[in-house]
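Structure record follows, encoded as structure tokens.
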Amino acid sequence: HMQSLNADLAHAFSLSDTDGVLVAFVEKDSQADRDGIQRGDVITRVDDKTVQDLADLLSAFEGTTAAQHTLHITRDQQSISIVMHPPATE
């Protein structure tokens, strides 16, 4: 479960701007959980695509068949990268 940042959320997470998507919830044992994504992470880039809001995040995955993506995340005011493996589709 994710949502675009607004000024109140950015302030609550001590972020300097509202660019990015907040991870509000990660289901236990989900692919996101196994990949290390945590509640409170702010996704700012997917591979080489900047993510300013939820629409940007969704469009970053549209039409791709890549086996993995690098998510650029702000966590606890630190920038980190996580390799994400999209769930298998049938």
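Contact between Thr18 and Ala7 at its shortest, heavy atoms only, is CG2-N, 3.6 Å. Closest of all the heavy-atom pairs between Gly36 and Ile82 is O-CD1, 3.5 Å. Here the closest non-hydrogen pair linking His85 and Gln68 is NE2-OE1, 3.6 Å.
In terms of the side-chain hydrogen bond (donor to acceptor under 3.5 Å, both in side chains) criterion, Ser16 has no residue partners (sequence neighbours excluded). In terms of the side-chain hydrogen bond (donor to acceptor under 3.5 Å, both in side chains) criterion, residue partners of His69 (sequence neighbours excluded) are, by chain and number, Asp47.
In this structure, CE on Met84 lies 10.0 Å from CD1 on Ile73, to the nearest 0.5 angstrom.
Thr44 and His72 share no donor-acceptor pair across their side chains, judged by distance under 3.5 Å alone.
Membership of the apolar cluster around Leu15 extends to Leu5, Leu9, Phe13, Leu22, Val42, as traced through chained side-chain contacts below 4.5 Å between ILVMFWY residues. Summarising the hydrophobic clusters (Ile, Leu, Val, Met, Phe, Trp, Tyr; side-chain heavy atoms under 4.5 Å, direct or chained), the residues clustered with Val83 are none.
Applying the salt bridge (Lys or Arg N to Asp or Glu O under 4.0 Å) test to residues at least two apart or on different chains, the pairs with a partner in residues 21-43 are Asp41-Arg75.
Hydrophobic clustering of Ile, Leu, Val, Met, Phe, Trp and Tyr side chains at less than 4.5 Å, counting indirect connections, unites Ile80 with Leu71. Hydrophobic clustering, with ILVMFWY side chains joined whenever heavy atoms are under 4.5 angstrom apart, groups Phe61 together with Ile37.
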Indicate every side-chain donor-acceptor pair of residues 48-60 with a distance under 3.5 Å to a residue at least two apart or in another chain.
from, atom 1, to, atom 2, distance (Å)
Asp53, OD1, Ala55, N, 3.2
Asp53, OD1, Asp56, N, 3.0
Asp56, OD2, Gln52, N, 2.9
Ser59, OG, Ala55, O, 3.3
Ser59, OG, Asp56, O, 3.0

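Between the side chain of Asp76 and the backbone N or O of Gln78 there is no donor-acceptor pair closer than 3.5 Å.
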